[in-house]
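Working notes, structure below.
Predicted model, so just to flag it, every value in this text is computed and none were measured. Labels below follow one simple rule: chain letters A, B, ... track the order of the sequence lines, proteins then strands, and each chain is numbered from 1.
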There are 2 protein chains.
Amino acid sequence: MDATLDTLEAPPASKDRLRLWIRLLRAARIVEGELRERLKTNFDTTLPRFDVMSALNRQPEGMLMSDLSRFLLVSNGNVTGIVDRLVSDGFVVRSNREGDRRTSIVRLTDAGAERFAAMAAAHEIWIAELLAEVSEGDARKLSSMLKAFRSNWESEH
Amino acid sequence: MDATLDTLEAPPASKDRLRLWIRLLRAARIVEGELRERLKTNFDTTLPRFDVMSALNRQPEGMLMSDLSRFLLVSNGNVTGIVDRLVSDGFVVRSNREGDRRTSIVRLTDAGAERFAAMAAAHEIWIAELLAEVSEGDARKLSSMLKAFRSNWESEH
DNA sequence: CCAGATTATTTCAACCTTGAAATTTTATGC
DNA sequence: GCATAAAATTTCAAGGTTGAAATAATCTGG
């Protein structure tokens, strides 16, 4: 009963976590908004398309649609639409996998790989600039904290 | 010239920031996805609606549409749609401001305030649970880092 | 006073996103 | 072998999101 009361009365510990979450979300939105605008201006593309191309770039042999959605933490139907648009842009191709007609393997075209290389270089510079005020030490500490958070999450789900 | 080369060759410093950003984004997506699902299941609502109600709850006298979009870091048009749906849910009202017929003041109804109180209590518990593995000290340090990031950003923009 | 600038908001098209249902193909138990 | 389950993907409706254009009201300099 004490525990229940403690929880309902919202002790400092939960307020701290709440404040952390709100600030983390705000920081993420600020950076995302900036990236969205720059990708649009400089490369006439969107953040979701960039994310998909980035995932595909790490797997030159290609990925299944379901690999993509799992990796990007978005739904299957979502990936379908984004890949459709990247295909009509000529940056991505779907190809059939031998022996399983349910699946299609998605990979970057040469044009896609080339375009991604240019975007990735700019993207890295933008991030360095936007996060410039985070000290080297803070960046590493925070980074390893967030890595632990994710590993922990994935091992539980 | 050295500086240019350094930047193009992506020295460790920019790689660290990039890694930090990617992990921060992933953590945010994990938590957001979980919150979205729980808000849907338990309160039949969405994260954007919750965000708007949360903003309005801090200003019982109401907010202008433009105050809302500025505070939430989203576009004007976006807020129009979300508020429309909250109005038809009966949780929010628009009222005219004396002396300026361009603006409308938006505030929670009694039903909205009551509903928000229930959601906020659950939300705080969920966040405490999801971020439980972040230590008290880390939470505070990270929190103040992110606060500094935001202040810095806002003073520059 | 009043034309033009500014401000607050809405509208709209295009895209992103989810979650559930539908489709198609492959695997499995009997 | 065949019915049924499982898997991979697409389709779809509802809602969220942006950025630009349209509306409408207020402010301002001359």
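The 5' end of DNA chain D is approached more closely, in terms of each residue's nearest nucleotide, by Val79(A) than by the other of Arg36(A) and Val79(A). Comparing Arg70(B) and Asp84(B), the nucleotide of DNA chain C nearest to each residue sits closer to the 5' end for Arg70(B). Nearer to the 5' terminus of DNA chain C, by closest-nucleotide assignment, is the contact made by Arg29(B) (compared with the other of Asp100(A) and Arg29(B)).
Arg26(A) forms a cation-pi arrangement with Phe71(B), by the criterion of a distance under 6.0 Å to the ring centre and an angle within 45° of the ring axis.
Here the P atom of nucleotide dT17(D) and the CG atom of Leu73(B) are 12 Å apart, to the nearest Å. Between the P atom of dA21(D) and the CG atom of Asn76(B) lies a distance of 15 Å, rounded to the nearest Å. Across the protein-nucleic acid pair, Leu72(B) atom CG and dT17(D) atom P stand 9 Å apart, rounded to whole Å. Between the P atom of dG19(C) and the CG atom of Asp44(B) lies a distance of 13 Å, rounded to the nearest Å. As a whole-Å value, the separation of Leu68(B) CG from dT9(C) P is 9 Å. In this structure, Arg49(A) places its CZ atom 16 Å from P of dT18(D), rounding to the nearest Å. Protein atom CG of Asn96(B) is 11 Å distant from nucleotide atom P of dT9(C), rounded to whole Å. Rounded to a whole Å, the NZ atom of Lys40(B) is 12 Å from the C1' atom of dT17(C).
Between Arg97(A) and Asp67(A) there is no salt bridge, since no side-chain nitrogen of the basic residue lies less than 4.0 Å from a carboxylate oxygen of the acidic one. Look at Arg17(B) and Glu124(A) and you find no salt bridge, because none of the NZ, NE, NH1 or NH2 atoms lies under 4.0 Å from a carboxylate O. Salt bridge annotation for Arg19(A)-Asp16(A): present, with a cationic side-chain nitrogen under 4.0 angstrom from a carboxylate oxygen. Contact check on Arg49(B) versus Asp89(B) returns a salt bridge, with a Lys/Arg side-chain nitrogen under 4.0 Å from an Asp/Glu carboxylate oxygen.
Comparing dA8(D), dT17(C), dT11(D) against the side chain of Thr103(A) picks out dA8(D) as the nearest. For Val74(B), the listed nucleotide lying nearest its side chain is dT18(D); candidates were dT18(C), dT18(D), dT9(D). Side-chain proximity of Ser75(A) to dT10(C), dG19(C), dT26(C): nearest is dG19(C). Checking dT17(D), dA6(D), dT9(C) against the side-chain heavy atoms of Arg102(A) singles out dA6(D) as nearest. Here the side chain of Thr46(B) is nearest to one of dT26(C), dT18(D), dG15(D), namely dG15(D). Among dT9(D), dT10(C), dT18(C), the nucleotide with an atom closest to any side-chain atom of Asn78(A) is dT18(C). Picking from dT11(D), dA8(C), dT10(C) the nucleotide with the shortest atom distance to the side chain of Met65(B) gives dT10(C).
Leu47(B) comes within 4.0 angstrom of no nucleic acid atom, judged by non-hydrogen atoms across all strands. Ser66(B) comes within 4.0 angstrom of sugar-phosphate atoms only, judged by non-hydrogen atoms across all strands, and of no base. Within the 4.0 angstrom heavy-atom criterion, only backbone atoms of the sugar-phosphate kind lie near Gly99(B); the bases stay farther away. Here Arg97(B) lies out of heavy-atom contact (under 4.0 Å) with every strand.
Cluster annotation: Ile105(B) is not connected to Ile82(B) through the hydrophobic network of ILVMFWY side chains, with a link wherever side-chain heavy atoms come within less than 4.5 Å.
Residue Arg101(B) has a polar side-chain atom (N or O) positioned under 4.0 Å from OP1 or OP2 of dT26(D). The shortest distance between the side-chain N/O atoms of Arg94(A) and the OP1/OP2 oxygens of dA8(D) is not below 4.0 Å.
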